[in-house]
Amino acid sequence: MSCMTSAAVLLCASIAFAQEPNPKLTFEVASVKPAAPQAMARMQGSVNGGPGTPDPGRIRFTDMPLRVLIMRAYDVQSFQVSGPAWMDSQRFDVIANVPDGATKEDVRIMLQNLLAERFKLKLHKGSKEAPTYELVVAKGGTKIKEATRTAAMPAEDAGDSRPGPPSRGKDGLLSTPHGQLGIQGMANGRMRMHGDAVTMARLADILGIALGRPVVDRTELTGTYDITLDFSPEGLGPGPKGPEPPGAGGGNPAEAPRDSNDSGPTIFTALQEQLGLKLASAQGAGGCAGRR
């Protein structure tokens, strides 16, 4: 497969690569295959199993682009990764057996070594100034509800936490693990962000992944919240810059035009209308680090 022959990637992050990943830390066996085509729009894919779950001996990365696999392996966000266009458009299913006693950090290094082996991944260093967003409470206050269960409490329906393939609800969407936040496409062409017992820091992280730009939590909300957000996929996608929020050059963001295909409000408008939150443009520095 030509797309798995070589990938030269720039990691932009405050990561310290003091030494090369331990080459002896590898999965017992691993399968990397192209993901099956999906009928609905999609974004991140899902991760199931591994250390700290009911299925610690096997980990599954389902329907994931290479960009997200790199993010998982090196603990970085989308805007911190630059590389060939196919690492966003082509998706993969990875199933790997994890050695007994391996930690989550061990699995990250195993994934680094797997990417280097199967994709001939080469990383290099760099640095740049990067525009950012700040997540703040919108005028009029928040509309989000505090979580009925904490992230530490198990869900009544274990769903994806059980060994086996990821489960789906009646709407066809993948179940989101308790305490996590995911984005998936719906049959009506909109995207849905959903999760329970989610922190604002986690919401900021996921927004940064979706928009391709750092998002800093400035809400001063310290609890956990149940989040559901429906919005148009227009303007989303990974990349170093990300779109400008409506109103960045003047005007009222809440009055931003909706998509011409009527697939719902933009993510900026949806945040204000549905959650009572707002993304404001800011400027920040981003360092880059990697290995070649």
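Positions are given from 1 along the sequence. Worth saying up front: this structure is predicted, and the values here are computed from it rather than measured.
Annotation: the span from L211 atom CG to I267 atom CD1 amounts to 5.0 Å, rounded to 0.5 Å. In this structure, the separation between CG on D196 and CD1 on I227 is 10.0 Å, given to the nearest 0.5 Å. Between the CE atom in M110 and the CD atom in E105 there is a gap of 10.5 Å [rounded to 0.5 Å].
Counting heavy atoms from C-beta outward, P265 and R190 have side chains that approach closer than 4.5 Å. Contact annotation: the side chain of R58 approaches that of I95 to within less than 4.5 Å [non-hydrogen atoms, C-beta and beyond]. In this structure the side chain of T62 reaches within 4.5 angstrom of the side chain of S46, judged on heavy atoms. Residues R72 and V107 are not in side-chain contact: their nearest non-hydrogen atoms beyond the backbone lie 4.5 Å or more apart.
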Next item on the list: Please lay out, stage by stage, how M193 and F231 fare under the test side-chain contact (heavy atoms from CB on, under 4.5 Å).
Entry: CA-CA 8 Å; M193 179 185 297; F231 54 93; 4.0 Å; yes
Note to self: Would D55 and N48 count as a side-chain contact (heavy atoms from CB on, under 4.5 Å) here? Give the steps.
What the structure shows: CA-CA 8 Å; D55 190 15; N48 304 94; over 6 Å; no
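With sequence neighbours left out, the salt bridge (charged side-chain N to carboxylate O under 4.0 Å, His left out) criterion links D205 to no other residue. With sequence neighbours left out, V94 forms a side chain to side chain contact (heavy atoms under 4.5 Å, CB included) with V32, F61, L69, L114. Every residue was checked against the side chain to side chain donor-acceptor pair (under 3.5 Å) condition with D93, not counting sequence neighbours, and none meets it. Applying the side chain to side chain donor-acceptor pair (under 3.5 Å) criterion to T199, with sequence neighbours excluded, gives no partner residue. Every residue was checked against the salt bridge (charged side-chain N to carboxylate O under 4.0 Å, His left out) condition with E28, not counting sequence neighbours, and none meets it.
The number of heavy-atom neighbours closer than 6.0 Å to CZ of R108, taken from other residues, nucleotides and ligands shown, is above 12.
Between W86 and F119, the angle of the ring planes stays under 30°, which puts this pair in the parallel group of the 30/60° scheme.
Listed by first and then second residue, the side chain to side chain donor-acceptor pair (under 3.5 Å) pairs involving residues 135-145 amount to none (not counting sequence neighbours).
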